[in-house]
Amino acid sequence: MNGVETKLPPNFISTIVAEDVKSGKHGGRVLTRFPPEPNGYLHIGHAKSICLNFGLASEFGGLCNFRFDDTNPGKEEIEYVDSIMNDVRWLGFDWDERLFHASDYFEQLYKWALDLIRDGKAFVDSLSADEIRETRGTLTEPGKESPYRNRAVAENLDLFQKMRAGEFEDGQCVLRARIDMASPNLNLRDPVLYRIRKMSHWRTGDKWCIYPMYDYAHGQSDALEGITHSICTMEYEDHRPLYDWFLDNINVPSRPRQIEFARLNLSYTVMSKRKLLRLVRERKVAGWDDPRMPTLAGIRRRGYTPESIRAFCERIGVGKKESTVDLAFLEYSIREDLNLKAPRVMGVLNPLKVVIENYPEGQTEYLDAINNPEDPSAGVRQVPFSRELYVEREDFMEDPPKKFYRLSPGREVRLRYAYFITCTGVVKNDKGEVVELRCTYDSATKGGDSPDGRKVKATLHWVSAPHAIDAEVRLYDKLFTEPEPGDDFMEKLNPKSLEVVEAAKLEPSLEEAPPGSRYQFERLGYFCVDQDSTPSRRVFNRTVTLRDTWAKVMKAEGISPVK
RNA sequence: UGGGGCGUGGCCAAGCGGUAAGGCACGGGUCUUUGGCACCCGCAUUCGAAGGUUCGAAUCCUUCCGCCCCAGCCA
């Protein structure tokens, strides 16, 4: 990806894999898999899993399969299938021809179920869902065996075949494993293997009316594909004994090992599909790809790069401890990446008109501006300068506090790549609000340096009024006001998570900026052109602000920012 | 209090019996035509707690405390 392969920091999983490779387990082969269920959009938490699985594979010269865990037609939709594949590709991973589905294995899974029945290890239970729940027992008391638990093999075989043939209605019966109703691990109390669902499946159509449960499908799918390390999140740890039980009691072709790690939590955001779905359904955000969403679609639209997401996932580490990563860490990753790549440009979000009184009317000069100080190869561009300009309203204070060293009456500052200007007058409206600044410029300071060595404390961004282009700029901030939104997250929504600037003034070089392109608006932050943008109505999203030391000073000094 | 898992600075995270890496955040400074970037300095006598073993413990043993997960015909 970037010439020199940076060595990934080791973690407990890569240590296990390294030992297996060294000991020759699986013949030194490494095959992982990313197994999403197509019932929602992928989010940054999935990115951690994707990077882990594909990363491990490439680190040890192995491969990573892509597999849809499509065992529940009631919840899965084709819309999600497309978005999921698109997101994984965008993140930068490729599964070549290795696209699989749990549904590819329905026939084999069915045959194995028949084997389990013949071995007396599975039975058809005619208890209702409620009855099964009631007899499962509790955390402290054992469950009760189903009265159907000892049906004869022949009867079970007959019943199960009839289940498949559609002779029963939904819920009338299920196939259950015959393990141990007294197990302290609830997953082992005769878990359901198959349930009847008379609905068509996005891939198998109406071929099946019985569908395998996750536990029954996952491990065997892994075994069928020859997966060596099946990595999942901590909540499946209790399922591992069952995962292993199937592998021990079925004649599977290989023996995968399940390893669990802690899922990612991010401060100031919610990650569960249920909560994200609610934000979408209740219109708290514009959709799954709203730039405030932690979905990959949202993050992408926000302007994050796949490289920054990968770097983030590599840095947060992999462990078994529940943790919440600071959102600032994610922001650090995108700033770090964009600092090196994003072309610099000037744009004024909250325009304050400036008239340079001693600058010739009608004159336009084109000044050289460096595109990216971090990347000389990015070259220079020319920006127009004229008598009337816009500067940021926040860059002027009529009565500045001691630490404010931007523009104020009588103060001289530099306009980036242009001239030193001195504020000579302030024009106010009848409400007393500053509506225009009158300034003079020093023609000897063209380009931004004074031949007499005169120094100036501040450098301001600006844009020439007659040359500026208008744009809508969407300023995004955290979606929630609290680091841990919790279950009442709907009450913790940040009312200022989106502020729309209707008419920002941008330098004309942005005229043709294509959707998706990213820029640094100097002194403000990183922005990207939104997909809603059109030539007649340009729309930019703020990906993240620049680090703002001045904002911290203001906060510390109790100075309120100018509105 | 059935079972499983986890507890190292504000947030992540190395460490695996030899005397607490690194990153983010934070504070201070240098530099600066972005109050950006870069660079420098600071930031746990202490590893959930208490005992014990040992010349020596975050690492081994006890006990205790705290947090998370499991009672879907969801994944």
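The structure displayed is predicted, hence computed values, not measured ones. Here is how names work: the chains are called A, B, and so on, in the same order as the sequence lines, proteins then strands, and each is numbered from 1.
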Atom P, compared across B:U59 and B:G15: separation rounded to whole Å
15 Å
Parallel, tilted or perpendicular: which one describes the rings of A:Tyr194 and A:Tyr110, with boundaries at 30° and 60°?
perpendicular
Of the nucleotides B:G36, B:G2, B:A75, which has the atom closest to the A:Arg547 side chain?
B:G36
Whole-Å distance, A:Tyr332 OH to B:C37 C1', equals 11 Å
Ignoring hydrogens and angles, are the base of B:G4 and the side chain of A:Glu235 linked by a donor-acceptor pair under 3.5 Å?
no
Is it true that the side chains of A:Glu394 and A:Asn350 contain a donor and an acceptor less than 3.5 Å apart?
yes
Taking only the P atom of each, what is the distance from B:U62 to B:A21 in whole angstrom?
29 Å
Can you say whether a donor on the side chain of A:Asn185 sits under 3.5 Å from an acceptor on the base of B:G4, or the other way round?
no
Is A:Ile316 touching bases, backbone alone, or none of the nucleic acid, heavy atoms closer than 4.0 Å?
sugar-phosphate
Using atom P of each nucleotide, how far apart are B:G23 and B:C37 to the nearest Å?
16 Å
How many Å lie between NE2 on A:His218 and P on B:C74, as a whole number?
17 Å
Take atom CG of A:Asp548 and atom C1' of B:C26, then tell me their distance rounded to the nearest Å.
16 Å
Please give the stem ranges for RNA chain B, sorted by first residue number, where a stem is three or more consecutive Watson-Crick or G-U pairs and both donor-acceptor distances are under 3.5 Å.
B:2-7 with B:65-70, B:10-12 with B:22-24, B:26-30 with B:38-42, B:48-52 with B:60-64
Side chain of A:Tyr236, base of B:A75: donor and acceptor closer than 3.5 Å?
yes
